[in-house]
Student: 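Below you will find the structure I want to go over with you.
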Amino acid sequence: MLSSKETIELIDAMGVLFPEAKAELTHKNAFELLISVILSAQTTDVGVNKATPKLFAAYPTPEAMMHADIDDIIDKIKTIGLYRNKAKFLKKCATQLVEEFNGEVPQTHKELESLAGVGRKTANVVMSVAFDEPAIAVDTHVDRISKKFNIAPQEATVRQVENILMDKLPRDMWSSAHHRMIFFGRYQCPARAHDHDECIEKINVAIKEKREVKKLSFRM
């Protein structure tokens, strides 16, 4: 397994390769982000971003979505996987936001995870992106890359992967690490068959580049 120092160096290298890594779900506020992340389960961000403009135009607030006709929500998100169940989650989640949180998205893990359709990963994304609270959301990319590069053992659960990453990385790197690993897994080292030697080579080059920049900064 990689040490803390080696893990930091690996994530830094991913940052060299993808310096603009950030959340790709289109949103204007915490409510839109929350709904988008719920919709993103087993669906691409691209697919979610195609569906949400009409959804948010019709239901821009929890109050509006709470009173929405379930069939209309279904119609607006039917291009997304598991859309029937997700429509139920959205309506229930919006209702909870209105009735339990005064129409505001809560800012704690416990409260977020009490909402319909929200698990640990979704809560972490909202905490990190909407509220700038350091968090590591372990999706399929983060889980796979963590194991492929020996940050975490193959048998580790999603929660164990999250804990290992939090232990090996400084807190101020958690959110950026999450985005860098997603971009690296999505755009450089995908689950489908590919030349993994190329991925390793790009990481090695990026590590060397990062080291040279540090040496230059030190000299300056």
Side-chain angles (χ1 to χ4, degrees), residues 1-41 43-46 48-49 52 104-115 117-152 156-190 199 202-203 206-207 209-210 213-214:
M1 294 293 105
L2 295 188
S3 66
S4 176
K5 181 180 178 182
E6 290 167 334
T7 303
I8 291 170
E9 197 162 45
L10 174 63
I11 301 303
D12 276 342
M14 292 179 187
V16 172
L17 294 173
F18 298 101
E20 302 301 318
K22 61 182 180 179
E24 293 191 295
L25 289 169
T26 303
H27 64 282
K28 296 184 193 131
N29 51 52
F31 172 63
E32 290 189 0
L33 175 65
L34 173 63
I35 296 302
S36 294
V37 182
I38 292 173
L39 291 174
S40 71
T43 304
T44 66
D45 288 357
V46 172
V48 173
N49 288 340
T52 50
E104 299 292 330
V105 176
Q107 299 187 33
T108 70
H109 277 99
K110 184 177 180 180
E111 290 173 323
L112 282 166
E113 289 184 59
S114 73
L115 299 171
V118 178
R120 177 78 181 179
K121 185 200 82 171
T122 297
N124 277 339
V125 172
V126 175
M127 291 292 289
S128 172
V129 178
F131 303 124
D132 293 321
E133 183 67 26
I136 298 175
V138 182
D139 68 352
T140 55
H141 295 297
V142 174
D143 184 70
R144 181 172 53 80
I145 295 301
S146 293
K147 293 172 180 177
K148 199 169 186 71
F149 283 84
N150 294 318
I151 297 172
T157 64
V158 168
R159 188 57 185 270
Q160 287 171 334
V161 169
E162 180 185 340
N163 289 337
I164 289 168
L165 285 167
M166 289 193 295
D167 284 342
K168 291 186 176 182
L169 296 171
R171 194 169 185 270
D172 62 4
M173 275 188 74
W174 290 357
S175 294
S176 60
H178 155 76
H179 293 305
R180 290 172 184 180
M181 293 176 80
I182 288 176
F183 268 58
F184 185 76
R186 185 177 287 163
Y187 301 116
Q188 174 58 50
C189 191
C199 301
K202 286 196 173 184
I203 285 292
I207 286 175
E209 180 180 331
K210 190 76 176 179
V213 169
K214 285 183 178 179

Student: Once you measure the plane-to-plane angle for Phe149 and Phe184, does it fall in the parallel (<30°), tilted (30-60°) or perpendicular (>60°) bin?
Tutor: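 Judged by the thresholds at 30° and 60°, the geometry between Phe149 and Phe184 is perpendicular.
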
Student: Only counting residues at least two apart or in another chain, list the ones meeting side chain to side chain contact (heavy atoms under 4.5 Å, CB included) with Thr157.
Tutor: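 Thr157: side chain to side chain contact (heavy atoms under 4.5 Å, CB included) contacts with Arg159, Gln160.
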
Student: Please step through side chain to side chain contact (heavy atoms under 4.5 Å, CB included) for the pair Asp12 and Met173, ending with a clear verdict.
Tutor: CA-CA 9 Å; Asp12 276 342; Met173 275 188 74; 3.8 Å; yes

Student: List the residues meeting side chain to side chain donor-acceptor pair (under 3.5 Å) with Gln107, not counting sequence neighbours, and say none if there are none.
Tutor: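 Partners of Gln107 under the side chain to side chain donor-acceptor pair (under 3.5 Å) test: none.
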
Student: When you measure from the side chain of Lys168 to the backbone N and O of Ile151, does any donor-acceptor pair fall under 3.5 Å?
Tutor: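 Yes, Lys168 side chain to Ile151 backbone: donor-acceptor pair under 3.5 Å.
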
Student: Show your reasoning for whether side chain to side chain contact (heavy atoms under 4.5 Å, CB included) applies to Val105 and Phe131.
Tutor: CA-CA 10 Å; Val105 176; Phe131 303 124; 4.1 Å; yes

Student: When you compare the side chain of Val37 with that of Ser40, does any pair of heavy atoms fall below 4.5 Å?
Tutor: yes

Student: According to side chain to side chain contact (heavy atoms under 4.5 Å, CB included), who are the partners of Ala135, at least two apart in sequence or on a separate chain?
Tutor: Asn124, Ser128

Student: How would you list, by chain and number, every residue that makes a side chain to side chain donor-acceptor pair (under 3.5 Å) with Thr140, sequence neighbours excluded?
Tutor: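 Counting only residues at least two positions away or on another chain, Thr140 forms no side chain to side chain donor-acceptor pair (under 3.5 Å).
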
Student: Holding to salt bridge (Lys or Arg N to Asp or Glu O under 4.0 Å), I want the full list of residues that pass it with Lys148, two or more places apart in sequence or in another chain.
Tutor: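 Lys148: no salt bridge (Lys or Arg N to Asp or Glu O under 4.0 Å) contacts found.
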
Student: List in chain and number order the residues that pass side chain to side chain contact (heavy atoms under 4.5 Å, CB included) with Glu113, two or more places apart in sequence or in another chain; answer none if no residue qualifies.
Tutor: His109, Arg120, Ala123

Student: Given His27 and Val129, is the side chain to side chain contact (heavy atoms under 4.5 Å, CB included) satisfied, shown in steps?
Tutor: CA-CA 10 Å; His27 64 282; Val129 178; 3.9 Å; yes

Student: For Lys121 and Val158, run side chain to side chain contact (heavy atoms under 4.5 Å, CB included): C-alpha distance rounded to whole Å, both residues' side-chain angles, the deciding distance at 0.1 Å, then the answer.
Tutor: CA-CA 9 Å; Lys121 185 200 82 171; Val158 168; over 6 Å; no

Student: Can you sort out the partners of Arg144 under salt bridge (Lys or Arg N to Asp or Glu O under 4.0 Å), two or more places apart, ordered by chain and number?
Tutor: none

Student: For Asp139, check salt bridge (Lys or Arg N to Asp or Glu O under 4.0 Å) against everything at least two apart and list the hits.
Tutor: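 For Asp139, no residue satisfies salt bridge (Lys or Arg N to Asp or Glu O under 4.0 Å) once neighbours in sequence are set aside.
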
Student: Could you state the interatomic distance from CD1 (Ile145) to CZ (Arg180), rounded to the nearest 0.5 Å?
Tutor: 15.0 Å

Student: Using the test salt bridge (Lys or Arg N to Asp or Glu O under 4.0 Å), find all partners of Glu133 that sit at least two apart in sequence or belong to another chain.
Tutor: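 Partners of Glu133 under the salt bridge (Lys or Arg N to Asp or Glu O under 4.0 Å) test: Arg171.
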
Student: Between Pro106 and Leu115, is there a side-chain heavy-atom distance shorter than 4.5 Å?
Tutor: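 A side-chain contact exists here, since the closest heavy-atom pair is under 4.5 Å.
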
Student: Taking only residues two or more places apart in sequence or in another chain, which ones pass side chain to side chain donor-acceptor pair (under 3.5 Å) with Thr43?
Tutor: Lys86

Student: Not counting sequence neighbours, list each pair that qualifies as a salt bridge (charged side-chain N to carboxylate O under 4.0 Å, His left out) and has a residue in residues 15-39.
Tutor: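 Applying salt bridge (charged side-chain N to carboxylate O under 4.0 Å, His left out) to every pair that reaches into residues 15-39, excluding sequence neighbours, yields Glu24-Arg186.
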
Student: Supply the atom-to-atom distance Ser36 OG to Asn49 CG, rounded to the nearest 0.5 angstrom.
Tutor: 6.5 Å

Student: To the nearest 0.5 Å, how far apart are CD1 in Ile182 and CE in Met14?
Tutor: 11.5 Å

Student: Does Glu104 have any side chain to side chain contact (heavy atoms under 4.5 Å, CB included) partners at least two apart in sequence or in another chain, and if so, which?
Tutor: none

Student: Hey, could you give me the OG/CG distance between Ser146 and Leu165, rounded to the nearest 0.5 Å?
Tutor: 4.0 Å

Student: Are more than 12 heavy atoms, taken from residues, nucleotides or ligands other than Lys147, located less than 6.0 Å from that residue's NZ atom?
Tutor: yes

Student: Starting at CG of Leu2, measure out to CG of Asn150 and round the result to the nearest 0.5 Å.
Tutor: 6.0 Å

Student: Between atom CG of Leu34 and atom CG of Leu25, what is the distance when rounded to the nearest 0.5 Å?
Tutor: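 If I round to the nearest 0.5 Å, the distance is 11.0 Å.
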
